[in-house]
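Because the structure is predicted, anything quoted here is derived from the model rather than measured. All chains are named by letter (A, B, ...) in the order of the sequence lines, taking the proteins before the strands, and each is independently numbered beginning at 1.
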Protein chains: 2
Amino acid sequence: MSSKNRSVTLKDVSKLANVSPATVSLVMNGKPGVGAETRERVLQIAEALEYRPNLVARSLVNGRSKLIAMLISSTRNPMFPELAEGVDQALKARGYTLSIIPTGDDEKLEARELGALRYRGFDGVITSSTLINNRELHKLVESGFPVMSVLRRDYSCKNLDYVVLDGIKGGYIAMEHLIRLGHQQIGIIKGPQETSTGIERLKGALWAMADYGIQASDPLIRGGDFFSASGYAAVMDMMRLPPRESPSAIYACNDDMAVGAFDALWDLNIKVPEDVALVGFNNTAVTALKSVAITTVSLNKIEMGRQAADHLIDIIEQEGGERQPFAVMLKPELVIRKTCGFSQMGRYLLEKIKEEDKRIFP
Amino acid sequence: MSSKNRSVTLKDVSKLANVSPATVSLVMNGKPGVGAETRERVLQIAEALEYRPNLVARSLVNGRSKLIAMLISSTRNPMFPELAEGVDQALKARGYTLSIIPTGDDEKLEARELGALRYRGFDGVITSSTLINNRELHKLVESGFPVMSVLRRDYSCKNLDYVVLDGIKGGYIAMEHLIRLGHQQIGIIKGPQETSTGIERLKGALWAMADYGIQASDPLIRGGDFFSASGYAAVMDMMRLPPRESPSAIYACNDDMAVGAFDALWDLNIKVPEDVALVGFNNTAVTALKSVAITTVSLNKIEMGRQAADHLIDIIEQEGGERQPFAVMLKPELVIRKTCGFSQMGRYLLEKIKEEDKRIFP
DNA sequence: AATATCAGCTTAAACGTTTAAGTAGAATTG
DNA sequence: CAATTCTACTTAAACGTTTAAGCTGATATT
């Protein structure tokens, strides 16, 4: 069918319409300075030829590509899908398109990708994989490139805009929940301390413990890396403690580790929540499954992505204006499911009764 | 710090090096025709100025942007993360960057986005959300734009390259597994019949039933849309059938629906696998959880993404050559977990024991 | 020694837009 | 009616590359 594959250009339209390319450009961009009839004619011809402006050429001249990069740790990070959905919603609404750049939380790669953003033609970047004290990010921000940090942030980067969750509050309410249910020996599986989320979610929990006069015992606080395996290992370890030192509840600083913990408890034949309570963080999709039902701290990831993207575009599009800092801190909410007891009480009693039955009627 | 934000260009380098821009271009691209000393000098100056070629300008002249689009239904589709990981691996290795375009499986939007790909400057597209008989896709392929279909395909689109899973075989082995475990009344939760996956996974299962002489009963075959809620609804419905018509096993054409089914069985207090066996499809992350452990059909999503991306780039980069069709069909494997019995045996023994009990202690 | 070949450069056009500056003619003004 | 302002255009430069074609002087060929 198609012989020559060159697409229709501004010039093609201008020739057919007997006007200069400049005029066509004015028409296509709805700018004034063109007579009504001419405008109409050009529009019709453009329509007929199915003319579409070449965005690459346009980018070159006005230095805007309408391309936004999203730096993430991995597409498999369970936060990513919803975050990206929010970002995509906002971008689509304003005519931008989204590129994703997974970095695997590899510092080198992240630095390289950050440095490459500008000359690759991106208009701005949303980064969700920021580690604390990221020099390259620093440089990028200082150079005036539009950057929005989401989920995590870098305290050391003064001019970095962000929209994050209040991790301290989140950690606080998670821990408070466990304490109020009567737990005194509480295990904590930390996140990496090079991330703001890792730091804050721990800090909040420790605050709650302090407020309620509960001793935080060192052997119950374990390092984790936000991946499920580290949660599994941490629990396997904790549970080796002598019974009176072992936890009756565990707070994992994210859901992945909570799921790992859940699996470990399962393997150890420890009943959740009857024997050990568990609370996670992020309200990731898995936690909502009926057979998992992990109590967790929820945050609106879609909203977070949307706000970040929307404001990033604001920044990009308001050229001259003094750029004032943008910092949003969303509020966490506790989602109470089944891993912390209470609702399980009924079931627990039921089983006790069954056991009695068996003894009485063997 | 930074006053003027214009980045370093080829010209800046050429001026400092006292050569023409053309020479710098040759050097930067490692092309011949430049003397050793000159080359060295240019390289050093470029290095010193931190010169990076402007990819937008480059794209404009050689018509290649090194941008690949990936059309997906949603970032929340559980297949997406791994698929994208594979794609990203291949793209990164060859210097391309990935844009994702969620379409929500909305036909209009998908058509629009497909049509826009070329003038947005993409070099090619990987589509995983293709519905059957997609006119716009047809047009795009016929126009010679590099397209690779992954996961799903469109039978009606003759020149569409693809890398997919053998869905028929997958459906077959899933169903065969249930049959071999002794099930005769098997419920099926279908996928949408406008997708190749929906069609094939059903067809394969029906073949297996036919091969083993098992009647497929209409009320046990329910429509689904690949989302969890439809699996839930299907099971709720099926289980309302009179006991002798209700299924002892269920085959869901994807894991999302299997999870929905799992939840429904949970709510109905029907034990899996003791009372009803369940098999899913895709080997999605959730199914591997210890407390879920759904038996499912596995496919290597990362590999699938990688192959698709890799070959797409091959197509893009071999300009002239006759483009011959590329079609890969990966082999499915059954991942046996805990939702299909084997405990069937346990149940059998248990019932025998109960009967004995009743006789002895009436 | 005249000619061909070649390495090592430069020139200039091209890619498809946008936009500042220019122009011709019509309309408005004093 | 001459001067001014507008309107509706056009011209041409610019964005930052690539690349075909051209040029120059040196080396190789006959």
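- A donor-acceptor contact shorter than 3.5 Å links the side chain of B:Ser59 to the backbone of B:Arg64.
- Non-hydrogen atoms lying under 4.0 Å from DNA chain C are contributed by B:Gly33, B:Val34, all within residues 26-34 of chain B.
- B:Ser59 comes within 4.0 angstrom of no nucleic acid atom, judged by non-hydrogen atoms across all strands.
- Classification of B:Lys108 and B:Glu136 as a salt-bridged pair fails, no side-chain N sitting under 4.0 Å from a carboxylate O.
- The stretch residues 14-24 of chain B comes close to DNA chain C through B:Asn18, B:Val19, B:Ser20, B:Ala22, B:Thr23, each having a heavy atom under 4.0 Å from the strand.
- Side-chain atoms of A:Met70 and A:Ser99, non-hydrogen and from C-beta on, never get closer than 4.5 Å to each other.
- Between B:Asn62 and B:Arg39, the one whose closest nucleotide on DNA chain C sits nearer the 5' end is B:Arg39.
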>> Determine whether B:Arg52 and A:Tyr119 satisfy the following criterion, side chain to side chain donor-acceptor pair (under 3.5 Å), listing intermediate values before the conclusion.
In response: CA-CA 6 Å; B:Arg52 298 281 178 286; A:Tyr119 79 82; 4.6 Å; no
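- Relative to the ring axis of A:Tyr162, A:Arg153 places its NZ or CZ within 45° and under 6.0 Å from the centre.
- Each end of the helix from C:dA1-D:dT30 to C:dG30-D:dC1 yields a helix axis from five base pairs, and these two axes differ in direction by 50° (to the nearest 10 degrees).
- Mapping heavy-atom proximity under 4.0 Å, the span of DNA chain D touched by chain A runs 5' to 3' from D:dA8 to D:dG16.
- At whole-Å resolution of the value, CD in B:Glu40 and P in C:dG8 are 15 Å apart.
- In terms of position along DNA chain C, the nucleotide closest to B:Gly35 lies nearer the 5' end than the nucleotide closest to the other residue of the pair B:Gly35 and B:Ala57.
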>> Pair A:Ser129, A:Glu110 - check side chain to side chain donor-acceptor pair (under 3.5 Å), show working.
In response: CA-CA 8 Å; A:Ser129 65; A:Glu110 176 154 347; 3.3 Å; yes
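- Two residues are said to be in side-chain contact when any heavy atoms from C-beta on lie closer than 4.5 Å; A:Val150 and A:Thr127 fail this criterion.
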Side chains of residues 84-94 of chain A: which donor-acceptor pairs under 3.5 Å do they make with residues two or more places apart or in other chains?
| residue | atom | partner | partner atom | Å |
| --- | --- | --- | --- | --- |
| A:Glu85 | OE2 | B:Arg76 | NH1 | 3.1 |
| A:Asp88 | OD2 | A:Lys92 | NZ | 2.8 |
| A:Gln89 | OE1 | A:Arg306 | NH1 | 2.6 |
| A:Lys92 | NZ | B:Pro102 | O | 2.6 |
| A:Arg94 | NH1 | A:Asp310 | O | 3.2 |
| A:Arg94 | NH1 | A:Asp310 | OD1 | 3.4 |
| A:Arg94 | NH1 | A:Asp314 | OD1 | 2.9 |
| A:Arg94 | NH2 | A:Asp314 | OD1 | 3.1 |
| A:Arg94 | NH2 | A:Glu317 | OE1 | 3.3 |

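- One N or O on the side chain of A:Thr103 and one on the backbone of A:Ile72 form a donor-acceptor pair closer than 3.5 Å.
- Counting any heavy atom pair closer than 4.0 Å across all strands shown, A:Ser25 reaches a base atom.
- Looking only at distances, no side-chain donor or acceptor of A:His311 sits under 3.5 Å from a matching main-chain atom of A:Ala327.
- Heavy-atom distances under 4.0 Å link DNA chain C to A:Tyr51, A:Arg52, A:Pro53, A:Asn54 of residues 42-55 of chain A, given in residue order.
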